[in-house]
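Comments concern the structure below.
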Amino acid sequence: MLTAVAGLPAIRTHFTDDTRYLFQVLVSSTSPVEANIALDLLSKSLPDKAVVAAVNVRETIRAIPATPFRMAVDEETLLRVGKLRKDLAMLKRETPDGYVVAVTTAGNLVLDLIVTIDDEKRFWTPVPARQDLVDPGIVPHLIESEHLLETIIDVIKAMGIVHNPNLYLSLDDWHLEYARETIQSVDDLFRDGHSAH
């Protein structure tokens, strides 16, 4: 089965000071245009395998709803299935490499998903959530950690959320999908323009 987590080692090899920012834009920008520019720049110097892996990490993140959102289970089920423990108002799970993934809830409403990196809490959903799918400061850790992305996906699935990202096998697949998305947004622009007259 194709998973974004399986592609992380391919990215790590090429995740350097020179490429870090471009990977961050590709993985976290809400703008398909920005993501595509980053993808084109990366694919000039890196093997397709690493760039496709980054696109799949992007799609995996895109398939995680922005907080707040309703989960399909109650808190007790989330604790049990997600292997979380209750700590005051938070439900927490540590990764073997020292990250803490925490969830705050109100009934079946997920208020926040929080990642603690070296005692610094970072909210998964940036405020405002218009520019980035995820806090860009979390992206290097998602790429470099053996466990963080997998743990977050586990916790999301334990919430009863259907997490079914589009995963790509090649850059051609991404470009086809991206072209369709771009045409759609241009169509919408013209449609909105006509209705304004």
Side-chain angles (χ1 to χ4, degrees), residues 1-30 32 34-66 71-72 78 81-84 92-103 113-117 122 124-125 132-178 180-181:
M1 190 182 128
L2 183 65
T3 69
V5 173
L8 287 173
I11 304 173
R12 276 184 210 125
T13 313
H14 303 283
F15 193 66
T16 63
D17 289 345
D18 294 337
T19 61
R20 178 179 288 257
Y21 178 71
L22 290 172
F23 272 121
Q24 208 160 288
V25 171
L26 175 54
V27 167
S28 70
S29 176
T30 53
E34 280 184 19
N36 206 53
I37 291 167
L39 179 142
D40 287 341
L41 290 169
L42 285 167
S43 56
K44 282 185 171 71
S45 58
L46 301 185
D48 281 3
K49 189 178 177 187
V51 185
V52 170
V55 165
N56 287 338
V57 170
R58 172 189 175 79
E59 292 302 318
T60 296
I61 290 169
R62 254 179 62 160
I64 295 172
M71 57 181 177
L78 175 60
V81 178
K83 301 184 189 84
L84 296 147
K92 291 182 171 178
R93 177 166 158 187
E94 280 88 13
T95 66
D97 51 355
Y99 293 96
V100 179
V101 175
V103 180
L113 183 61
I114 300 159
V115 178
T116 304
I117 302 160
R122 287 195 172 258
W124 181 265
T125 303
D132 294 295
L133 302 167
V134 61
D135 174 339
I138 297 175
V139 173
H141 300 278
L142 292 172
I143 291 170
E144 289 166 342
S145 168
E146 297 270 345
H147 307 281
L148 184 56
L149 184 57
E150 196 165 10
T151 301
I152 286 165
I153 295 166
D154 270 1
V155 169
I156 293 293
K157 287 180 172 174
M159 294 171 177
I161 302 292
V162 176
H163 183 262
N164 197 10
N166 285 330
L167 296 179
Y168 299 99
L169 294 168
S170 73
L171 291 179
D172 290 343
D173 293 349
W174 155 268
H175 284 300
L176 277 172
E177 185 70 26
Y178 164 76
R180 209 179 51 155
E181 216 175 289

Requested in this report: May I have the step-by-step check of side chain to side chain contact (heavy atoms under 4.5 Å, CB included) for I152 and L142, ending in yes or no?
Outcome: CA-CA 10 Å; I152 286 165; L142 292 172; 4.0 Å; yes
Requested in this report: Kindly determine whether T125 and L113 satisfy side chain to side chain contact (heavy atoms under 4.5 Å, CB included), including the steps that lead there.
Outcome: CA-CA 7 Å; T125 303; L113 183 61; 5.9 Å; no
Report task. With side chain to side chain contact (heavy atoms under 4.5 Å, CB included) as the test, would you mind laying out the steps for I37 and E34 before giving the verdict? Result -> CA-CA 5 Å; I37 291 167; E34 280 184 19; 5.6 Å; no
Report task. Could you give me the CA-CA distance, side-chain angles and deciding distance for K157 and V81, then say whether side chain to side chain contact (heavy atoms under 4.5 Å, CB included) is met? Result -> CA-CA 9 Å; K157 287 180 172 174; V81 178; over 6 Å; no
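Taking V100 as the reference, K92, E94, T116 meet the side-chain contact (heavy atoms from CB on, under 4.5 Å) condition, with sequence neighbours excluded. Scanning for side-chain contact (heavy atoms from CB on, under 4.5 Å) contacts around P165 gives E59, T60, A63, H163, L167, with sequence neighbours left out. Under the rule for a side-chain hydrogen bond (donor to acceptor under 3.5 Å, both in side chains), H14 has no partner lying at least two apart in sequence or in another chain. With sequence neighbours left out, D97 forms a side-chain hydrogen bond (donor to acceptor under 3.5 Å, both in side chains) with T95, S145. By the side-chain hydrogen bond (donor to acceptor under 3.5 Å, both in side chains) test, R62 pairs with no residue at all, sequence neighbours left out. The side-chain hydrogen bond (donor to acceptor under 3.5 Å, both in side chains) check on T151 picks up nothing, with sequence neighbours excluded. In this structure R20 satisfies the salt bridge (charged side-chain N to carboxylate O under 4.0 Å, His left out) test together with E144, sequence neighbours excluded.
Listed by first and then second residue, the salt bridge (Lys or Arg N to Asp or Glu O under 4.0 Å) pairs involving residues 3-17 are R12-E146 (not counting sequence neighbours). Sequence neighbours left out, not one pair with a member in residues 44-64 passes ring pair (Phe, Tyr, Trp, His ring centres under 6.0 Å). For residues 43-66, there are no ring pair (Phe, Tyr, Trp, His ring centres under 6.0 Å) pairs, not counting sequence neighbours.
Using a 4.5 Å heavy-atom cutoff, the side chains of V139 and F23 are not in contact. Under the 4.5 Å side-chain criterion, counting only non-hydrogen atoms from C-beta, L8 is not in contact with E150.
Between K83 and D154 there is no salt bridge, since no side-chain N of the basic residue sits under 4.0 Å from a carboxylate O of the acidic one.
Atom CG of L176 sits about 8.0 Å away from atom OG of S170, to the nearest 0.5 Å. The distance from atom CG of L148 to atom OH of Y99, rounded to the nearest 0.5 Å, is 6.5 Å. Distance NE2/H175 to CG/D172: 7.0 Å, rounded to 0.5 Å. Rounding to the nearest 0.5 angstrom, the gap separating the CG atom in D135 from the CD atom in Q24 is 8.5 Å. Going from atom CG of L133 over to atom CD1 of I64 covers 10.0 Å, rounded to the nearest 0.5 Å. Atoms CH2 and CG, from W174 and N36 in turn, are 6.0 Å apart once rounded to the nearest 0.5 Å.
Across all their heavy atoms, Y168 and D173 have their closest contact at CD2-CB, 3.6 Å. The two atoms that bring V155 and L84 nearest to each other are CG2-CD2, 4.3 Å, heavy atoms only. Counting all heavy atoms, side chain and backbone alike, P140 lies closest to G137 at CD-O, 3.6 Å. N56 and A4 make their closest contact through O-CB, 3.5 Å (heavy atoms, listed as atom of the first residue, atom of the second, distance). Between G160 and A72, the closest heavy-atom pair is O-CB, 3.6 Å. Shortest non-hydrogen contact noted between A54 and L26 is CB-CD2, 3.6 Å.
Side-chain atoms of R122 never come within 3.5 Å of backbone atoms of V115 as a donor-acceptor pair (strictly under, hydrogens ignored). A distance-only check finds no donor-acceptor pair linking the side chain of R93 to the backbone of V103 [under 3.5 Å].
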Acceptor/donor pairs from residues 41-51 side chains to any protein atom, 3.5 angstrom cut, sequence neighbours excluded:
from, atom 1, to, atom 2, distance (Å)
S43, OG, L39, O, 3.0
S43, OG, D40, O, 3.1

